[in-house]
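Have a look at the structure below, then the notes.
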Amino acid sequence: MEGVNVSTHPEIPGEPTQTSTALLEKATAAIQGFGPVNKIHQHLCAFHFYGDDMTRQVEAHHFCAHQNEEFRQCLIYDRPDDDGRLIGLEYIVSEELFLTLPDDEKRLWHSHEFEVKSGVLFMPGVPAPIQRQDLDKVAKTYGKVIHFWQVDRGDTLPLGIPQVMMALTRDGQLYDNLAQDVEKRYNVSFAKERENRAYMEGPSHGIHPMANGGGQGLKTVLREVDCKPAAASTARVFV
């Protein structure tokens, strides 16, 4: 299947970073701590599509940190270099934690079994045998993804409403040109890795029927409502 919506890297409007700003950044970086960011321990490359439109597929680079053995959180960029655009985030939970969620919440989460076993989710630059040690665990998990920046349509800034994203669940969904481009750039073979991961298993209870949108498309929409004021006597909300 050939696609036209291949992820882009739009130019951000604005003046180049000034020398004074760069020097200030170096000073603050030497003084401050960056605990949450420093906890990031791995880079995963995968593909997401919009919850209401599978034709809009995006290459997604996850930089992830474990909070504990059953929960990890990832910053998502459109590319892995220092010019990458922060386009979203993903939370990843164990099957056990996923099963504690209300059914309406489960619909917002996607399974990882197919992504892992098909080979399309991988760790760039990491030897395949080492990758498999962790991906064997990831295959059993669920993820919740929100994208804020629609780079696939060329937006130069993060415009519009953040959107729920989903992941691949079967063959024939991922655009061939998108897959081949990533395989070439990272010197990987999804087909070969699929063979090497055949022994892996997904969630022990099977993929939950409410996951992956419950089989339906999902789209985030904005609805205007009355805003509850901070105090009953407050007449104005924003002005």
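Keep in mind it's a predicted model, so treat the numbers as computed, not measured. Scope of the values below: all heavy atoms of this structure, side chains included, with no hydrogens, waters or symmetry mates.
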Quick one, F114 with I207, criterion side-chain contact (heavy atoms from CB on, under 4.5 Å). Give me CA distance, side-chain angles, the key distance, then yes/no. CA-CA 10 Å; F114 178 81; I207 296 174; over 6 Å; no

Show your working on side-chain contact (heavy atoms from CB on, under 4.5 Å) between I161 and Q163 and close with a plain yes or no. CA-CA 6 Å; I161 305 169; Q163 292 295 322; 4.0 Å; yes

Could you walk me through whether V182 and F122 pass side-chain contact (heavy atoms from CB on, under 4.5 Å), step by step? CA-CA 11 Å; V182 169; F122 67 101; 3.7 Å; yes

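Without hydrogens or angle criteria, Y175 side chain to T55 main chain gives a donor-acceptor distance under 3.5 Å. Looking only at distances, no side-chain donor or acceptor of H147 sits under 3.5 Å from a matching main-chain atom of V145. A donor-acceptor pair under 3.5 Å is absent between the side-chain atoms of R197 and the main chain of E195, judged by distance alone.
Among L86, D78, D155, T156, the one residue that satisfies the side-chain contact (heavy atoms from CB on, under 4.5 Å) test with W149 is D155. Of the options E59, E115, H62, a side chain to side chain donor-acceptor pair (under 3.5 Å) to H48 is made by H62 and by none of the others. None of T220, D152, L218, V164 except one satisfies the side-chain contact (heavy atoms from CB on, under 4.5 Å) rule with Y50; the exception is D152. Each of E95, R72, H112 was evaluated against T141; a single residue qualifies, H112, per the side chain to side chain donor-acceptor pair (under 3.5 Å) test.
One finds a salt bridge joining K106 and D103 here, because a Lys/Arg side-chain nitrogen approaches an Asp/Glu carboxylate oxygen to under 4.0 Å. With respect to the salt-bridge test (charged N to carboxylate O, under 4.0 angstrom), the residues R132 and E193 qualify.
Atom CZ of F190 sits in a crowded spot, with more than 12 heavy atoms from other residues, nucleotides or ligands closer than 6.0 Å. Heavy atoms of other residues, nucleotides or ligands lying less than 6.0 angstrom from CG of N187 number 12 at most. Applying the 6.0 Å contact sphere to NE2 of H66 captures more than 12 heavy atoms from other residues, nucleotides or ligands. Atom CG of N38 has more than 12 heavy atoms from other residues, nucleotides or ligands within 6.0 Å.
Residues satisfying the side chain to side chain donor-acceptor pair (under 3.5 Å) test with E70, not counting sequence neighbours, are S94.
Atom CZ of R107 sits about 8.0 Å away from atom CE of M166, to the nearest 0.5 Å. From T100, atom OG1 reaches atom CD of E96 across 10.0 Å, with rounding to the nearest 0.5 Å. With rounding to the nearest 0.5 Å, the separation of NZ in K117 from CG in D136 is 10.0 Å. Atom CD1 of I76 and atom CD1 of I146 lie 9.5 Å apart (nearest 0.5 Å). For the atom pair CG of L178 and CZ of F47, the computed distance is 4.5 Å after rounding to the nearest 0.5 Å. To the nearest 0.5 Å, the span separating CG on D81 from NE2 on H9 amounts to 6.0 Å.
Side-chain contact between S204 and K140 is absent, with no heavy atoms from C-beta onward closer than 4.5 Å.
The aromatic rings of H61 and Y186 sit tilted relative to each other, their planes meeting at an angle between 30° and 60°.
Under the 4.5 angstrom side-chain criterion for Ile, Leu, Val, Met, Phe, Trp and Tyr, the cluster partners of V116 are L44, L121, M123, V126, I130, L135, V138, Y199, M200.
Counted by atom type alone, E90 and H110 present one or more donor-acceptor pairs between their side chains at under 3.5 Å.
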